[in-house]
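What follows is one structure encoded as structure tokens, with my remarks underneath.
FYI, the numbering just counts along the sequence from 1.
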Amino acid sequence: MSTPKPYFNGINLLKAFVLGCDPTAFDKENRPLNFEYVFDLGNDQRYFSGILKNLECIGLSLQNIFVQNLVTDYLDKCSADNKQWKEITLKYIESRKKEFDTIDPTGKIPVLLTSELLYEVLLNDDQIKYSAKDLYLLHSKIPIPSEHNKLKRPLIPLYRHFRYNLNAHPEYAKVLSNFFSNC
């Protein structure tokens, strides 16, 4: 299986990086799926539809984002079921940092995190880790400052789980909309 390519329409309009966990996914018969692009973008938007709805709520579209996975290789299990996932990520963090820094040397373009797992592995060890609920209730500074994470750029939780649909979190959506309207 070939590694899925990052998805983007152009770098000139870039306002955010969208980061997934890894490309590992299975069909109903538990056969691994092979994607040409991350989240199967460019072919099928079903794996990205929730994220896309959230992006639209904050004034972003596929035209403004660069989509990549933290772990670019396929794994044996989906990230949520993989007990070694956090350990596996350690060898990929520096590669994502270099990739994003090549595209945006200023370090100002934020990374939208599609999973709480990403938040947990990217936040610096000396930082307080907030629950997803507390993040969405704005009990922590959003965006998470660059100096608080391993990618050294602003991080914004934008989880793909239906529980974190921005229509159900209007105050959080307003903060993100205001942030991106100033970009």
Mark yes or no for whether [X], through its side chain, and [Y], through its backbone, hold a donor-acceptor pair below 3.5 Å.
{"X": "Asn9", "Y": "Leu62", "value": "yes"}
{"X": "Asn124", "Y": "Gln127", "value": "no"}
{"X": "Asn30", "Y": "Phe26", "value": "no"}
{"X": "Thr114", "Y": "Leu19", "value": "yes"}

Drop me the distance from [X]'s [atom1] to [Y]'s [atom2], to the nearest 0.5 angstrom.
{"X": "Asn64", "Y": "Leu13", "atom1": "CG", "atom2": "CG", "answer": "6.5 Å"}
{"X": "Gln45", "Y": "Ile51", "atom1": "CD", "atom2": "CD1", "answer": "11.0 Å"}
{"X": "Lys77", "Y": "Lys83", "atom1": "NZ", "atom2": "NZ", "answer": "7.0 Å"}
{"X": "Asp40", "Y": "Asn34", "atom1": "CG", "atom2": "CG", "answer": "9.0 Å"}
{"X": "His169", "Y": "Leu138", "atom1": "NE2", "atom2": "CG", "answer": "10.5 Å"}
{"X": "Lys53", "Y": "Asn165", "atom1": "NZ", "atom2": "CG", "answer": "7.5 Å"}

Looking at [X] and [Y], does any basic side-chain N land under 4.0 Å from a carboxylate oxygen?
{"X": "Asp27", "Y": "Arg31", "answer": "yes"}
{"X": "Lys150", "Y": "Asp125", "answer": "yes"}
{"X": "Asp101", "Y": "Arg153", "answer": "yes"}
{"X": "Lys174", "Y": "Glu171", "answer": "no"}

Inset, instruction - Establish whether Ile128 and Leu137 are linked, either directly or via other cluster members, by ILVMFWY side-chain heavy-atom contacts under 4.5 Å. - result: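 Result: no, two separate clusters.
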Inset, instruction - State plainly whether one hydrophobic cluster holds both Leu158 and Phe162, where clusters connect Ile, Leu, Val, Met, Phe, Trp and Tyr through side-chain heavy atoms under 4.5 angstrom apart. - result: no
Is [Y] close to [X] at the side-chain level, that is, under 4.5 Å between some pair of heavy atoms?
{"X": "Phe180", "Y": "Leu60", "result": "yes"}
{"X": "Tyr164", "Y": "Tyr172", "result": "no"}
{"X": "Ile156", "Y": "Phe179", "result": "yes"}
{"X": "Leu55", "Y": "Leu112", "result": "yes"}
{"X": "Asp22", "Y": "Thr72", "result": "no"}
{"X": "Glu36", "Y": "Ser2", "result": "no"}

Inset, instruction - For Ser79 and Asn82, test the side chains for any donor-to-acceptor distance below 3.5 angstrom and give the result as yes or no. - result: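 Ser79 vs Asn82: no donor-acceptor pair found between side chains.
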Inset, instruction - Check the side chains of Tyr159 and Asn54 for a donor-acceptor pair under 3.5 angstrom, ignoring hydrogens and angles. - result: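 There is no such pair (donor and acceptor under 3.5 Å, judged by atom type) between the side chains of Asn54 and Tyr159.
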Inset, instruction - Decide yes or no on side chain to side chain donor-acceptor pair (under 3.5 Å) for Tyr92 and Asn69, but give the supporting numbers first. - result: CA-CA 10 Å; Tyr92 290 88; Asn69 286 313; over 6 Å; no
Legend entry - Ring-face cation of Lys5 near Tyr37 (centre distance under 6.0 Å, axis angle within 45°): yes
Inset, instruction - Decide salt bridge (Lys or Arg N to Asp or Glu O under 4.0 Å) for Lys86 and Glu120; before the verdict, give the C-alpha distance in whole Å, the side-chain angles of both, and the deciding distance to 0.1 Å. - result: CA-CA 8 Å; Lys86 289 179 182 179; Glu120 291 171 4; 2.7 Å; yes
Hey, is [atom1] on [X] packed in by over 12 heavy atoms from elsewhere, all under 6.0 Å?
{"X": "Leu90", "atom1": "CG", "result": "yes"}
{"X": "Asp126", "atom1": "CG", "result": "yes"}
{"X": "Lys129", "atom1": "NZ", "result": "yes"}
{"X": "Glu87", "atom1": "CD", "result": "no"}

Inset, instruction - If a pair satisfies ring pair (Phe, Tyr, Trp, His ring centres under 6.0 Å) and one of its residues is in residues 42-87, list it, with sequence neighbours excluded. - result: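 Pairs touching residues 42-87 that pass the test: Phe8-Phe66, Phe17-Phe66, Phe35-Tyr47, Phe39-Phe48.
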Inset, instruction - Among Val38, Val18, Val111, find the one that has a side-chain contact (heavy atoms from CB on, under 4.5 Å) with Gln68. - result: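 Answer to the side-chain contact (heavy atoms from CB on, under 4.5 Å) test with Gln68 among Val38, Val18, Val111: Val38.
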Legend entry - Option from Leu117, Leu70, Leu118, Leu122 for which side-chain contact (heavy atoms from CB on, under 4.5 Å) with Thr89 holds: Leu70
